[in-house]
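Report on the structure given below.
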Number of protein chains: 2
Amino acid sequence: MDGRTGRGNDGPNYVEATQKSIGVLRFLKENGPATLSKIAEETDSAKSTVYRHLRTLEDAGYLVETDDGYRIGQLYLDYGIEAQRSHPLYDAAKPKVDALAEKVGEKVWLVVEENGYAVYLYMQSGEELYRSFTRVGYRGHLHAFSAGKAILAQLSKNEVNAILDRRGLPAYTEETITDRDALFAELDRTRQRGYALHLEEAVDGGNAISVPIQREDGSPIGSICVAGPAHRLNESYLRSELSDLLLGTKNEIELSMRYEA
Amino acid sequence: MDGRTGRGNDGPNYVEATQKSIGVLRFLKENGPATLSKIAEETDSAKSTVYRHLRTLEDAGYLVETDDGYRIGQLYLDYGIEAQRSHPLYDAAKPKVDALAEKVGEKVWLVVEENGYAVYLYMQSGEELYRSFTRVGYRGHLHAFSAGKAILAQLSKNEVNAILDRRGLPAYTEETITDRDALFAELDRTRQRGYALHLEEAVDGGNAISVPIQREDGSPIGSICVAGPAHRLNESYLRSELSDLLLGTKNEIELSMRYEA
DNA sequence: TACAAAAGTTTCACTCTCGCGAACACACTC
DNA sequence: GAGTGTGTTCGCGAGAGTGAAACTTTTGTA
């Protein structure tokens with residue numbers, strides 16, 4: 001009931017104190033280290049309130065206090081690696097991703113959907129030359145990357161619409177598809193040919209190709225993606241050789257999930 | 001009513017709702033996926049209470065709901081990689097750690113102190129054969145690892161005691177030093193010779209050597225550590241060749257921090 | 001060194017949130 | 001269709017969380 005205009009997303013089903021703590025952490029993650037006063041100002045909270053949140057979060061390891069203020073703690077790294085390693089797809093896909101990266105000499109990504117975002121769970125690079133837009137842990141919109149489109153293409157129209165309602169269709173570059181109908185047409189093409197392409201949509205000068213990893217019922221659990229500079233990964237190479245290699249790896253991973261889990 | 005009878009101001013300056021959320025997350029991290037009922041039981045909370053926390057945490061990306069219950073979300077990976085990369089020591093130390101790993105053909109670790117724990121911030125391996133006890137993100141007690149002892153040896157006795165009071169001296173193996181006086185004697189030796197040794201204390205069959213990374217005032221900001229199987233990293237090799245290599249790398253990192261930051 | 005200004009910490013009263021228990025809905029098994 | 005296990009909603013009261021202000025410490029500056 002602060003100065004907030006009624007339309008709050010905060011129904012009775014949320015814990016507001018937790019949301020406030022989370023907001024402090026998000027601010028620090030996005031803006032780097034900050035002092036108590038700065039945080040209080042930016043989050044529109046009283047200093048005393050922020051003070052108690054900081055104490056609580058520091059005690060738990062979510063924060064550390066350093067010379068230049070509070071910063072997010074390495075506890076996130078501990079939890080994050082644990083989350084990565086224990087993801088249902090990780091063990092099955094990692095060796096196949098490694099092998100593919102070795103063979104094609106480009107970066108190969110393992111991507112999963114979570115909370116309506118594409119999450120880059122793992123990467124192996126054949127050669128460490130190309131500096132990519134993403135990094136392990138990166139969360140981006142599904143519609144803006146080939147890895148995300150490969151996943152969306154295996155969902156029902158209702159499921160896709162639910163995600164789009166939740167996260168929107170922001171433009172990452174001028175090439176990003178921001179229209180729903182155009183996106184659904186693209187997803188149709190993707191589903192038909194079995195792989196998704198990404199031609200300088202989100203990353204200038206970078207191309208990519210992705211195929212979904214699916215459960216036995218067809219629902220997508222993630223995707224694998226080969227990405228690199230456009231001059232090396234030109235469209236004909238993607239469509240001919242790389243698509244076959246990726247579809248082969250997809251099959252290996254799906255078999256591995258089925259019989260080794 | 002009187003109003004002020006029970007107002008205990010001795011109550012800690014913490015946000016209890018946040019602590020409850022954090023407790024749920026810790027339970028899931030340590031025990032793997034769990035259902036609402038299971039979490040409520042294990043954390044001694046009402047189902048309705050846990051329900052609201054789960055909703056809040058899922059909305060923020062800290063959790064996801066899957067077939068086998070709630071699990072911690074990949075948002076931790078996003079924050080964790082960000083925390084790793086933005087650590088003051090990371091940029092300066094990473095290239096030197098990589099170079100050292102290449103040269104000696106063993107795993108080289110970058111370790112920092114945080115919240116009274118040793119945190120394994122980064123690792124590079126010359127050859128991927130030896131399966132180590134730790135992993136990136138791992139948090140362990142400072143007294144139980146050579147990397148931690150290298151850090152402790154550069155702190156004042158008061159600072160060390162404060163950490164020991166906070167985290168205790170649990171035994172990781174039978175060789176772990178669990179007595180304060182014995183630890184201080186070991187830290188004296190470590191400080192004198194400039195490096196810390198770890199001879200099968202915490203990891204059976206595994207040896208390690210560590211040197212601190214220090215600020216200009218001498219205070220430790222972290223340490224670097226070479227670890228591997230005892231038969232390859234025998235004591236004389238550690239003390240002669242490896243110690244010199246590590247001390248050289250230490251100097252490079254400290255210079256890099258000083259003049260490139 | 002002294003002083004001012006800003007940052008951090010503690011206090012305190014008020015109010016709304018949080019947590020609980022109970023009721024409810026829904027999916028399973030037998 | 002009774003029974004047991006989920007997850008969800010409801011309503012209430014206690015007390016936790018909040019902000020304003022007082023207070024203390026640190027930082028910056030003259």
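Here is the naming used below: chain letters follow the sequence lines, and residue numbers restart at 1 for every chain. Nothing here was measured: the structure is a model prediction, and the numbers come from that model.
Taking five base pairs at each end of the helix from C:dT1-D:dA30 to C:dA27-D:dT4 and finding the rotation axis that steps the C1' atoms of four pairs onto the next four gives two axes whose angle is 50°, to the nearest 10°.
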List the steps and the verdict of ring-ring contact (aromatic ring centres under 6.0 Å, His included) for B:Phe145 and B:Tyr172. CA-CA 9 Å; B:Phe145 301 91; B:Tyr172 280 61; 5.2 Å; yes

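As a whole-Å value, the separation of B:Lys47 NZ from D:dC10 C1' is 14 Å. What separates CD of A:Glu65 from C1' of C:dA7 is a distance of 11 Å, to the nearest Å. Between B:Tyr51 atom OH and D:dT8 atom P the separation is 4 Å, expressed in whole Å. In this entry the distance linking CG of A:Leu54 with P of C:dT10 reads 13 Å, nearest Å. Put simply, CD on B:Glu16 is 11 Å from P on C:dC20, counting in whole angstrom units. The distance from atom CZ of B:Arg52 to atom P of D:dG17 is 12 Å, rounded to the nearest whole Å. Rounding to whole angstrom units, CG of residue A:Leu36 and P of C:dT10 are separated by 12 Å. One atom, NZ of B:Lys38, and another, P of D:dG5, lie 15 Å apart when rounded to the nearest Å.
Side-chain contact between A:Tyr62 and B:Tyr79: absent, with no pair of heavy atoms (C-beta onward) separated by less than 4.5 Å. For the pair B:Leu75/A:Arg139, a side-chain contact is recorded, criterion being any heavy-atom separation below 4.5 Å from C-beta on. In this structure, the side chains of A:Glu186 and A:His143 stay at 4.5 Å or more apart for every pair of heavy atoms.
The shortest distance between the side-chain N/O atoms of A:Thr49 and the OP1/OP2 oxygens of D:dG19 is below 4.0 Å. A:Ser48 has no side-chain polar atom (N or O) that falls below the 4.0 Å cut-off from OP1 or OP2 of C:dT11. Contact check, B:Asn13 against C:dT9: no side-chain N or O comes under 4.0 Å of OP1 or OP2. Put simply, A:His53 has a side-chain N or O that comes within less than 4.0 Å of OP1 or OP2 on D:dT18.
Here D:dG7 is the nucleotide among C:dG19, D:dG17, D:dG7 with the atom lying nearest to any side-chain atom of B:Ser37.
No side-chain N or O of A:Asn158 forms a donor-acceptor pair with one of A:Ser156 less than 3.5 Å apart. For B:Thr49 and B:Lys20, the side-chain atoms include no donor-acceptor pair closer than 3.5 Å.
When each of B:Lys20 and A:Tyr70 is assigned the nucleotide of DNA chain C bearing its nearest heavy atom, the one mapping closer to the 5' terminus is A:Tyr70.
Rounded to the nearest 0.5 angstrom, A:Asp179 CG and A:Phe184 CZ are separated by 10.5 Å.
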